[in-house]
Amino acid sequence: FHSKVVVNEILKLKKYKILGFLDEKKKIGTVINKIHNLKIIGKLSKLKKLNNKNTYFFIAVGENFKRAKIYESLKKKTKERIKWCKLISKDTIISKDVKIGVGTLIVNGSIINPDTKIGKHCIINTKSVIEHDNHFDDFTSTGPAVATGGNVKIKKFSHIGIGSIVKNNITINKNTIV
């Protein structure tokens, strides 16, 4: 469950307090609850009670397409009034001119170099190295220990798997798994 990684990053950051999990099937929340004693709030229908100016949300789902589907559902239900947090591990190195979209997670040990753009709701997993001038579209992800050369483009819903190396000037098209 990718949500374990997300919870650990949030707890390490100490920037947010976790109110609990919205979980339609109460399956994932139950597992996390056993580890961290966090509340399972319930189904998405509880969203209206939670959504206020001091509440931020994060979709803790590893699969890009599922994450996008949940995002679209929440967007409709709240008329786009949700605030999304960016979760960036303290143990990362990120160049000053990198742009990172909301709802994105960058896990510990990752390095992101100059002139790179990471879209909304992306996952850059543990110890990934993203070189200069990369562009990750919304809802893309890397597995742990991925390395990309310079000027790499990753199109929407694509995933670069554990330990993959993507050479310079490569474009990974939409809906691709490497």
Side-chain angles (χ1 to χ4, degrees), residues 1-16 18 21 23 27-32 34-36 38 57-72 84-178:
F1 298 122
H2 188 66
S3 53
K4 289 180 188 178
V5 174
V6 173
V7 167
N8 282 331
E9 288 302 325
I10 292 171
L11 293 173
K12 282 194 292 185
L13 286 171
K14 297 178 183 170
K15 183 177 178 181
Y16 301 102
I18 300 174
F21 294 89
D23 187 349
K27 184 177 178 184
I28 295 167
T30 303
V31 172
I32 301 292
K34 287 178 186 175
I35 298 168
H36 297 290
L38 297 169
F57 291 84
F58 190 87
I59 303 170
V61 174
E63 291 180 50
N64 297 328
F65 190 73
K66 284 184 182 179
R67 199 166 55 254
K69 202 170 179 179
I70 293 167
Y71 168 79
E72 289 301 327
W84 299 101
C85 61
K86 269 187 250 188
L87 300 175
I88 300 172
S89 174
K90 290 179 180 180
D91 303 322
T92 59
I93 299 170
I94 300 175
S95 294
K96 289 181 182 178
D97 57 354
V98 170
K99 291 179 176 61
I100 300 169
V102 297
T104 290
L105 169 66
I106 301 180
V107 185
N108 63 329
S110 294
I111 300 170
I112 304 181
N113 282 317
D115 295 318
T116 290
K117 182 181 181 240
I118 310 291
K120 297 176 186 174
H121 301 279
C122 295
I123 298 169
I124 305 300
N125 222 314
T126 311
K127 294 188 177 183
S128 290
V129 177
I130 310 302
E131 276 302 335
H132 63 88
D133 300 295
N134 277 223
H135 183 100
F136 281 67
D137 282 351
D138 299 344
F139 302 101
T140 57
S141 61
T142 70
V146 164
T148 63
N151 199 35
V152 169
K153 292 177 180 36
I154 311 295
K155 301 288 184 174
K156 197 170 188 176
F157 303 126
S158 291
H159 174 74
I160 311 302
I162 297 172
S164 295
I165 298 172
V166 180
K167 294 182 178 184
N168 294 335
N169 303 310
I170 298 290
T171 296
I172 308 290
N173 287 321
K174 186 176 178 180
N175 299 318
T176 300
I177 296 175
V178 174

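What you see is a predicted model, and the numbers here were worked out from it, not measured in a lab. Because only heavy atoms are used, hydrogens play no part in the values below, and waters and symmetry mates are left out as well, while side chains stay in.
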Would you confirm whether S110, through its side chain, and V129, through its main-chain N or O, come within 3.5 Å as a donor-acceptor pair?
-> no
For D137 and C122, work out which heavy atoms get closest and say how close.
-> O-SG, 3.2 Å
Minimum side-chain heavy-atom gap L87-I106 below 4.5 Å | no
Is there a donor-acceptor pair under 3.5 Å between the side chain of N151 and the backbone N or O of N169?
-> no
Check whether any side-chain N or O of S89 sits under 3.5 Å from a backbone N or O of D91 as a donor-acceptor pair, and report yes or no.
-> yes
Where do T171 and K155 land on the side-chain contact (heavy atoms from CB on, under 4.5 Å) test, with the steps shown first?
-> CA-CA 8 Å; T171 296; K155 301 288 184 174; 3.9 Å; yes
Distance in Å, H135 NE2 paired with K99 NZ, rounded so as to fall on 0.5 Å steps = 11.5 Å
How far does CG of N108 sit from OG1 of T126, to the nearest 0.5 angstrom?
-> 5.0 Å
Say you draw a straight line from CD of E131 to CD1 of I112; how long is it, rounded to the nearest 0.5 Å?
-> 11.0 Å
Under a 4.5 Å cut-off applied to non-hydrogen side-chain atoms, are I100 and I88 in contact?
-> yes
Of all heavy-atom pairs linking D138 and K156, the shortest is O-CG, 3.3 Å
From NE2 (H159) to CD1 (I123), nearest 0.5 Å | 9.0 Å
For the atom pair NE2 (H132) and CG (N134), what is the distance rounded to the nearest 0.5 Å?
-> 8.0 Å
CD1 (I162) and CG (N125) are apart, to the nearest 0.5 Å, by 8.0 Å
Shortest non-hydrogen pair, F136 vs T142, comes out as CE2-CG2, 3.7 Å
Taking the side chain from N168 and the backbone from G150, do they hold a donor-acceptor pair closer than 3.5 Å?
-> yes
Of the options I177, T148, I172, V178, which is the one that meets S164 in a side-chain contact (heavy atoms from CB on, under 4.5 Å)?
-> V178
Please report the shortest heavy-atom distance between S128 and A145, naming the atom on each side.
-> OG-N, 4.0 Å
Give the intermediate values and the outcome of side-chain contact (heavy atoms from CB on, under 4.5 Å) for residues W84 and T104.
-> CA-CA 9 Å; W84 299 101; T104 290; over 6 Å; no
R67 side-chain N/O to H121 backbone N/O, donor-acceptor pair under 3.5 Å = yes
If only atom types and distance count, is the side chain of D97 paired as donor or acceptor with the main-chain N or O of D115 below 3.5 Å?
-> yes
Check whether more than 12 heavy atoms from other residues, nucleotides or ligands sit under 6.0 Å from atom CD1 of I165, and answer yes or no.
-> no
Within the distance-only criterion (no hydrogens, no angle test), does the side chain of T116 pair as donor or acceptor with the backbone N or O of I130 below 3.5 angstrom?
-> no
Go through the steps for L105 and I124 under the test side-chain contact (heavy atoms from CB on, under 4.5 Å), then give the verdict.
-> CA-CA 6 Å; L105 169 66; I124 305 300; over 6 Å; no
Check whether any side-chain N or O of K174 sits under 3.5 Å from a backbone N or O of F157 as a donor-acceptor pair, and report yes or no.
-> no
Any donor-acceptor N or O pair under 3.5 Å, side chains S158, T140 = no
